[in-house]
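Below is one structure, written out as structure tokens; the observations come after it.
As a basis for the values below, the full set of heavy atoms in this structure was taken, side chains included, without hydrogen atoms, waters or symmetry mates. The chain is numbered in sequence order, starting from 1.
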Amino acid sequence: MTLRQELSDTPADDTLLGVQLLFEGPAPLDLAAVAADVRQLGDVSAATTMLALPGLSRTHGAPVPVAYLASDVAPMDRPPLDDVAASQLWRLPDPAVLDRCTHSSLLVEFMGRALPVRARVMAMAEVAAAAARTVLGVVAVRFTHSDLVLAPYDLVTMADASGDWWEALAFHVRYFRVNDSDTEALFDTYGLYALGLPDVQLHATGVDPGDGTGYVGDVGLYLLAHGDVIEDGSTVAGIDREQRWPAQHEMSLVQPSRVVVDVRAGDQAAGRRD
């Protein structure tokens, strides 16, 4: 599929985090079961349409209660993904499952911006994993701020692993071949913008796809941990960790429009540079 670049004059910035549960037909949504399964957020209570996270709010000094609001499982009036997002389903084992999805439910944060960035991402991840474990009929889980789509089993497997597994859900790593070239590619993260951070972008030639996606992912995790600390004109370690590559803030090359830290890959950099 050939994708055409469509950038908006209004860049995306921080926004709500949400989780879309996708189904192949009507299904029940038991928020009490979801609340009982959340493992790392302290006490969680459930009403018919809301998961309240008072323990998380108290732990991080949030001035207002933090919660997730849920919609009923209902028919979808359009496909869950646009063409760009549908081209980036490399973490979903069976992308064709999305063609069979007819119903969805949306869980979206309420007052989540009151939390520190990492606690906010953890809350989203824990709610998503609990829903993947307990809600009957879920066949895919989409993170609305990044268009990352995972199979429920894979999400649960991540959550059952040790370490900061939830960091991988803060953003989606994308890979685009430029003009069907075998050598020129663009790698970026999509999702950090929603947290008030720049995403990461690498436009290069001759970079292995695995190396490129891993690299922008690593830089993205650094920004998630430390904030927007890469100054324009400074350098960051390259893929081989021996070279130093210059970086600067600019607008993204692929939609949606948003601020990115663009890393120039030394002699492998592609595209026009001023």
Just wondering, do Val73 and Pro26 contact through their side chains at under 4.5 Å, heavy atoms? no

Any sub-3.5 Å donor-acceptor pair from Arg174's side-chain atoms to Thr189's backbone N or O? no

Looking at Leu22, is its backbone amide N or carbonyl O close enough to the side chain of Ser104 to form a donor-acceptor pair, meaning the two atoms are under 3.5 Å apart? no

Linked, directly or transitively: Leu148 and Leu17 (ILVMFWY side chains, under 4.5 Å): yes

Would you confirm whether Ser146, through its side chain, and Phe171, through its main-chain N or O, come within 3.5 Å as a donor-acceptor pair? no

Sequence neighbours excluded, the answer for side chain to side chain donor-acceptor pair (under 3.5 Å) partners of Ser105 is none

State plainly whether one hydrophobic cluster holds both Val261 and Val236, where clusters connect Ile, Leu, Val, Met, Phe, Trp and Tyr through side-chain heavy atoms under 4.5 angstrom apart. yes

Side-chain donor-acceptor pairs of residues 58-68 under 3.5 Å, sequence neighbours excluded:
residue : atom : partner : partner atom : Å
Arg58   : NH2  : Asp43   : OD1          : 3.2
Arg58   : NH2  : Asp43   : OD2          : 3.1
Thr59   : OG1  : Gly55   : O            : 2.8

Using a 3.5 Å cut-off and no angle test, enumerate the donor-acceptor pairs between side-chain atoms of residues 224-232 and protein atoms at least two apart in sequence or in another chain.
residue : atom : partner : partner atom : Å
Asp228  : OD1  : His249  : NE2          : 2.8
Asp228  : OD2  : His249  : NE2          : 3.4
Asp232  : OD1  : His249  : N            : 2.6
Asp232  : OD1  : His249  : ND1          : 2.6

Which side-chain N or O atoms in residues 115-135 pair as donor and acceptor under 3.5 Å with protein atoms at least two apart or in another chain?
residue : atom : partner : partner atom : Å
Arg118  : NH1  : Glu167  : OE2          : 2.9
Arg118  : NH2  : Glu167  : OE2          : 3.0
Arg120  : NE   : Glu109  : OE1          : 3.2
Arg120  : NE   : Glu109  : OE2          : 3.1
Arg120  : NH2  : Thr15   : O            : 2.7
Arg120  : NH2  : Glu109  : OE2          : 2.5
Arg133  : NH1  : Asp37   : OD2          : 2.7
Arg133  : NH2  : Asp160  : OD1          : 3.3
Thr134  : OG1  : Ala130  : O            : 2.8

Has the side chain of Asp147 got a donor or acceptor atom that lies under 3.5 Å from a matching backbone atom of Ala85? no

Polar side-chain atom of Gln201 near backbone of Val263 as donor-acceptor pair, under 3.5 Å: no

Same cluster for Leu69 and Leu41 if Ile/Leu/Val/Met/Phe/Trp/Tyr side chains link at under 4.5 Å? no

Evaluation steps, salt bridge (charged side-chain N to carboxylate O under 4.0 Å, His left out), between Arg258 and Asp14: CA-CA 10 Å; Arg258 63 207 189 282; Asp14 64 313; over 6 Å; no

Connected via hydrophobic side-chain network under 4.5 Å: Leu31 and Leu21: yes

Determine yes or no for a side-chain-to-main-chain donor-acceptor pair under 3.5 angstrom, with His203 supplying the side chain and Ala265 the backbone. no

Could you please spell out the steps behind the side-chain contact (heavy atoms from CB on, under 4.5 Å) verdict for His172 and Val149? CA-CA 9 Å; His172 189 21; Val149 184; over 6 Å; no

Given side chains that start at C-beta, do those of Val141 and Phe143 come closer than 4.5 Å, heavy atoms only? yes

Do other residues, nucleotides or ligands put more than 12 heavy atoms under 6.0 Å from Tyr175 OH? yes

Using the rule that Ile, Leu, Val, Met, Phe, Trp and Tyr join whenever any side-chain heavy atoms are under 4.5 Å apart, tell me whether Val207 and Trp245 fall into a single cluster. yes

Tabulate below the donor-acceptor pairs under 3.5 Å that side-chain atoms of residues 209-223 make, not counting sequence neighbours, or state none.
residue : atom : partner : partner atom : Å
Thr213  : OG1  : Pro209  : O            : 2.9
Thr213  : OG1  : Gly210  : O            : 3.2
Tyr215  : OH   : Ala237  : O            : 2.7
Asp218  : OD2  : Arg241  : NH2          : 3.1

Under 4.5 Å side-chain heavy-atom separation, chaining through any Ile, Leu, Val, Met, Phe, Trp or Tyr, what else clusters with Tyr193? Say none if it is isolated. Tyr190

Short side-chain to backbone donor-acceptor contact, Asp188 and Ser252, under 3.5 Å: no

Within the side chain of Asp30, is there an N or O that forms a donor-acceptor pair under 3.5 Å with the backbone of Ala32? yes

